[in-house]
Amino acid sequence: MSETPTTPTPPPGPDAGHGVWSDKHRSTGPDPTRGYGTGSGWASGGTVFAGVLMMVGGILGILNGIAGIAKDDVYAHLGTYTYAFNLTTWGWIHLIIGVIVAVTGFGVLKDSGWARGVGVAIASLYIIAYFMFLPYEPIWSVIAIAIGVFVIWALVSDSSHHAARA
């Protein structure tokens, strides 16, 4: 009688019988279940925060615009200034930009495909408008410019959307 040698079976590991995949069964790509993915947590969380800031900034822009349209003497009158528009004109500018920023912020929160590109363009316009509005409201204008810079950074730095579309 000839016996064939059998190799002993290794004892079951921690994954045996529990229906859990071991490391050798996992794909080599990014794995969000393990806490790492294609994008930075700061950037993806920043994108949500950017959407919220866009909605809030847009609503404040709408209120700012309504105040400028309703009463022409809400803001201090300046002497000579290169970008000196009638305050009613500034009210309409803020109202229109505010509506577009708020709608785009809602699109960013809904993860709409169009919202990221439009958001960068509108945030750039937002920065330029508040730069031109600096003499009327200097502190709020500087804050609005900083918010616009953050929004642009957050929308372009979240790489998880780029990898998902590639």
Peer 1: Measuring from atom OH of Tyr130 to atom CH2 of Trp140, what distance do you get when rounded to the nearest 0.5 angstrom?
Peer 2: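 One gets 6.0 Å once the value is rounded to the nearest 0.5 Å.
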
Peer 1: Quick check for you: to the nearest 0.5 Å, what is the distance between Glu137 atom CD and Ile143 atom CD1?
Peer 2: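 Output value for this atom pair is 10.0 Å.
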
Peer 1: Show me, pair by pair, the donor-acceptor contacts under 3.5 angstrom made by side chains of residues 96-110, not counting sequence neighbours?
Peer 2:
unit_1	atom_1	unit_2	atom_2	d
Thr104	OG1	Ile100	O	2.7

Peer 1: Report yes or no: does Thr47 contribute a side-chain atom to a donor-acceptor pair with the main-chain N or O of Ala154 at less than 3.5 Å?
Peer 2: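 Yes.
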
Peer 1: When the aromatic ring centroids of Tyr136 and His94 are compared, is their separation below 6.0 Å?
Peer 2: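 Between His94 and Tyr136, which both carry aromatic rings, the centre distance is not below 6.0 Å.
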
Peer 1: What's the spacing between Leu95 CG and Thr88 OG1 if we round to 0.5 Å?
Peer 2: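 Output value for this atom pair is 12.0 Å.
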
Peer 1: If you look at every heavy atom in Tyr126 and Gly57, which pair is closest and at what distance?
Peer 2: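 Heavy-atom minimum between the residues: OH-CA, 4.0 Å.
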
Peer 1: Suppose we screen for ring-ring contact (aromatic ring centres under 6.0 Å, His included). Which residues come up paired with Phe150, at least two apart in sequence or across chains?
Peer 2: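 So Phe150 forms a ring-ring contact (aromatic ring centres under 6.0 Å, His included) with Phe49, Trp153.
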
Peer 1: Going through the checks in order, is the side chain to side chain contact (heavy atoms under 4.5 Å, CB included) test met by Ile69 and Leu87?
Peer 2: CA-CA 7 Å; Ile69 294 168; Leu87 289 178; over 6 Å; no

Peer 1: Just jot down the side chain to side chain contact (heavy atoms under 4.5 Å, CB included) partners of Ile128, sequence neighbours excluded, or say none.
Peer 2: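 Once residues adjacent in sequence are excluded, the partners of Ile128 under the side chain to side chain contact (heavy atoms under 4.5 Å, CB included) criterion are Met132.
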
Peer 1: Just so I know, are the side chains of Ile127 and Ile147 near enough to count as touching, which here means a heavy-atom distance under 4.5 Å?
Peer 2: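 The answer is no; the side chains never approach within 4.5 Å.
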
